[in-house]
Amino acid sequence: MTTIAGGTTVPGSGQDAVTRDALTVLQPGFPGTTAPDWLLRRLGEGLASVGLFGRNVASPEQLAALTDRLRAEREDVLVAIDEEGGDVTRLEVRTGSSFPGNHALGAVDDVELTREVAHELGRRLAACGVNLNWAPSADVNANPSNPVIGVRSFGADPGLVARHTAAYVSGLQAAGVAACTKHFPGHGDTAVDSHQALPRIDVDRSLLQARDLAPFRAAIGAGTKAIMSAHILVPALDGERPATLSRRVLTDLLRKDLGYEGLIVTDGMEMKAIAATYGIECGSVLAIAAGADAICVGGGLADDETVRRLRDALVSAVRSGELPEERLADAAARVRDLGAWAGTPTTESGSTRTDIGLMAARRALTVTRSTTYGPVSEPPFVAAFTPVANIAVGDETPWGVAAELARLLPGTETASFAGEGAAQAALASAGARRIVAVVRDAHRHPWMDAALDTLLAARPDTIVVEMGVPQSPPRGALHIATHGAARVCGRAAAEVIAE
């Protein structure tokens, strides 16, 4: 047995404990729908987690085969995925989700329904071999102009968000899938997407305590197995470093003040809020030193070179004294502890409700009819006013009502429009057909709001479907607020239009 200077060799591993722990705290991604050789090799060397994205999923059967292959290499591997349901889906990235997202569940405000939805989603994840879900979003959507949270939040009321976060955690974990509640200490009051830059929240600590931290306290009370940090600067907590890199936030606040003992996972380290300010190597070292236990990377950087770079950065930091060896060992132990929990069969199976998503989407609708509204008797023209999708949602996942409406009213046609000429182009394309205008967060896009004004002035019988956060008063002959753009939200709206 060989001992490497500065560390203890792990028997049979060929690697010292520090190097193995450095691999253990990484949660990398990879390309394709099968496990590459380098990933399997790293699992044998100590890697304990893998992150899945839409590019890794083709079908439930394929996903189950992939996770089986990973477990053949390491039985207790954590297989994580970003499956929020609603707008952010990886299981159904090419079709749209069978479950409404958080905002729709918050609009219904039935905690048992939220728990059932989370349980059914967890059951489907577990059946595919996924045992860690980077969900739910516990952010209080305090800023209606938030470009990245929006319908991913249960709402703007801290009490509502808290009780639904707890219900979601309970339902998901009852299905045997660890919840990773995000984005601590709260990403809801931002006007900047942390994928693009570093957001800053300038509010006092008392407001943070009452508003943003309330859902995380509820999640901890519900036993959430993991919490994900946010790449946001909150001067009331730490004026120098973003939460992911802040000991004051992760250790002093989350561990000590809130008493949280589970796994702390970073948001994606290749996001520009970190990568463009600290770099992923330095950022990863600072995150572990601050109290994080697992480094999420792989949404954009998904190769063996990234794993090697981060592993070596952590090892070098321990060797130089920048990162205490005990802190790295503690982080790795927490990862392995969660892997052991996630590998234990759940004792609460719960009921299977395959229709629960559609039922929830129907209940989430807010429908407003004008006194002059007349039913749709012929196939309509669906004008989709399409904003640029935020990175968390991605542009692969279809949204809207056209596909679902075409099933109910064959002959329905559709086209997408954007920009200043959107309304006139939609009117020209529609001709004499009834128009269904579909928008997403119209309040955040002046061109979209103006297009609705023009469209409704010319065609007062237009039906408006708002699939984002509804902020404007209802308008149109029929106005449907779906509180999300998942496929089931589109189906629920289509049913109302075609009835």
Side-chain angles (χ1 to χ4, degrees), residues 102-103 105-106 109 111 114 134-170 179-194 198-267 273-274 286-287 289-293 469:
N102 285 3
H103 203 63
L105 295 171
D109 195 13
V111 291
T114 295
W134 293 319
S137 168
D139 307 296
V140 178
N141 200 50
N143 186 344
S145 296
N146 196 312
V148 68
I149 301 300
V151 295
R152 301 168 67 197
S153 166
F154 288 110
D157 176 72
L160 179 145
V161 176
R163 61 180 174 266
H164 286 277
T165 296
Y168 195 107
V169 167
S170 174
C180 183
T181 306
K182 60 190 184 186
H183 307 79
F184 187 83
H187 206 313
D189 194 10
T190 62
V192 173
D193 182 349
S194 51
L198 178 61
R200 178 185 176 108
I201 298 180
D202 284 303
V203 300
D204 61 38
R205 194 177 181 109
S206 62
L207 179 56
L208 290 170
Q209 287 283 355
R211 183 188 66 186
D212 299 277
L213 296 184
F216 292 98
R217 286 194 294 268
I220 293 169
T224 187
K225 294 295 180 180
I227 287 179
M228 178 177 283
S229 66
H231 302 331
I232 57 175
L233 187 67
V234 188
L237 302 176
D238 188 330
E240 297 178 5
R241 289 183 175 171
T244 293
L245 312 183
S246 171
R247 182 174 178 82
R248 295 178 190 173
V249 174
L250 300 187
T251 297
D252 296 345
L253 176 59
L254 183 53
R255 289 278 186 227
K256 295 179 181 177
D257 293 353
L258 299 184
Y260 176 64
E261 293 295 333
L263 191 75
I264 299 177
V265 183
T266 73
D267 207 344
I274 299 297
L286 291 173
D293 305 306
V469 178

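Starting from 1, each residue takes its place in the sequence as its number. Values below: every heavy atom of this structure, side chains too, minus hydrogens, waters and symmetry copies.
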Task: Residues in side-chain hydrogen bond (donor to acceptor under 3.5 Å, both in side chains) contact with His187, at least two apart in sequence or another chain - done: Thr190, Ser194

Task: Val234 side chain reached by Arg241 side chain, heavy atoms, under 4.5 Å - done: no

TODO: Determine the minimum heavy-atom distance between Leu160 and Gly106, stating which atoms define it.
DONE: CD1-O, 3.5 Å

TODO: With sequence neighbours excluded, tell me which residues meet side-chain contact (heavy atoms from CB on, under 4.5 Å) with Ala156.
DONE: none

Open item on the list: So, using side-chain contact (heavy atoms from CB on, under 4.5 Å) as the criterion, who are the partners of Leu198 when residues are at least two apart?
Closed with: Leu233, Pro242, Ala273

- [ ] Please tell me if the side chains of Asp267 and Ile274 come closer than 4.5 Å, counting only heavy atoms from C-beta onward.
- [x] no

TODO: Not counting sequence neighbours, list each pair that qualifies as a salt bridge (Lys or Arg N to Asp or Glu O under 4.0 Å) and has a residue in residues 154-166.
DONE: Asp109-Arg163

Open item on the list: Can you list everything that forms a side-chain hydrogen bond (donor to acceptor under 3.5 Å, both in side chains) with Thr224? Sequence neighbours excluded, please.
Closed with: Thr181

TODO: Look at the side chain of His103 and the backbone N and O of Ser153, then say whether any donor-acceptor pair between them is shorter than 3.5 Å.
DONE: yes

Open item on the list: Are the side chains of Ile227 and Leu254 in contact, using a 4.5 Å heavy-atom criterion?
Closed with: yes

Open item on the list: Going by ring-ring contact (aromatic ring centres under 6.0 Å, His included), name the pairs with one or both residues in residues 204-248, residues two or more places apart or in two chains.
Closed with: Phe184-Phe216

Open item on the list: Please enumerate all residues that pass side-chain contact (heavy atoms from CB on, under 4.5 Å) together with Ala289, with sequence neighbours excluded.
Closed with: Leu323

Task: Student check: side-chain heavy atoms of Pro215 and Val140 closer than 4.5 Å - done: yes

TODO: Please name all residues satisfying side-chain contact (heavy atoms from CB on, under 4.5 Å) with Ala135, sequence neighbours left out, ordered by chain then number.
DONE: Glu84, Asn133, Tyr168

Task: Minimum side-chain heavy-atom gap Leu250-Ser229 below 4.5 Å - done: yes

Task: Point-to-point distance, once rounded to the nearest 0.5 Å, from CD1 of Ile149 to CG of Asn143 - done: 11.0 Å

- [ ] Quick one: list whatever passes side-chain hydrogen bond (donor to acceptor under 3.5 Å, both in side chains) with Arg200, sequence neighbours left out.
- [x] Asp202

Task: Separation of Ile201 CD1 from Ile232 CD1 (nearest 0.5 Å) - done: 4.0 Å

Task: Any donor-acceptor N/O pair, Asn146 side chain to Val148 backbone, under 3.5 Å - done: yes

TODO: Name all pairs fulfilling the salt bridge (Lys or Arg N to Asp or Glu O under 4.0 Å) condition that reach into residues 208-227, sequence neighbours left out, sorted by first residue then second.
DONE: Asp189-Arg211

Open item on the list: Ignoring hydrogens, what is the shortest heavy-atom contact between Ala222 and Ala166? Give both atom names and the distance.
Closed with: CB-O, 3.8 Å

TODO: Mark yes or no for whether Asp139, through its side chain, and His183, through its backbone, hold a donor-acceptor pair below 3.5 Å.
DONE: yes

Open item on the list: To check you understand the geometry: which heavy-atom pair defines the closest contact between Val469 and Gly150, and what is its length?
Closed with: CG2-C, 3.7 Å

Open item on the list: Tell me every residue that passes ring-ring contact (aromatic ring centres under 6.0 Å, His included) with Phe154, counting only those two or more places apart in sequence or in another chain.
Closed with: His164

- [ ] Enumerate the residue pairs fulfilling side-chain hydrogen bond (donor to acceptor under 3.5 Å, both in side chains) with a member in residues 253-266, sequence neighbours excluded, ordered by first and then second residue.
- [x] Arg255-Asp293

- [ ] Locate the shortest heavy-atom distance separating Asp204 from Ser206; write the atom from each residue and the value.
- [x] OD1-OG, 2.7 Å

Open item on the list: Show the nearest heavy-atom pair for residues Val265 and Ala226, with the distance to one decimal.
Closed with: CG2-CB, 4.3 Å

Open item on the list: Nearest 0.5 Å, please: how far is OG in Ser137 from NZ in Lys182?
Closed with: 6.5 Å

Open item on the list: Which heavy atom of Ala236 sits nearest to which heavy atom of Val203, and what is that distance?
Closed with: CB-O, 3.3 Å

Task: Side-chain touch Ser246/Leu237, heavy atoms, less than 4.5 angstrom - done: no

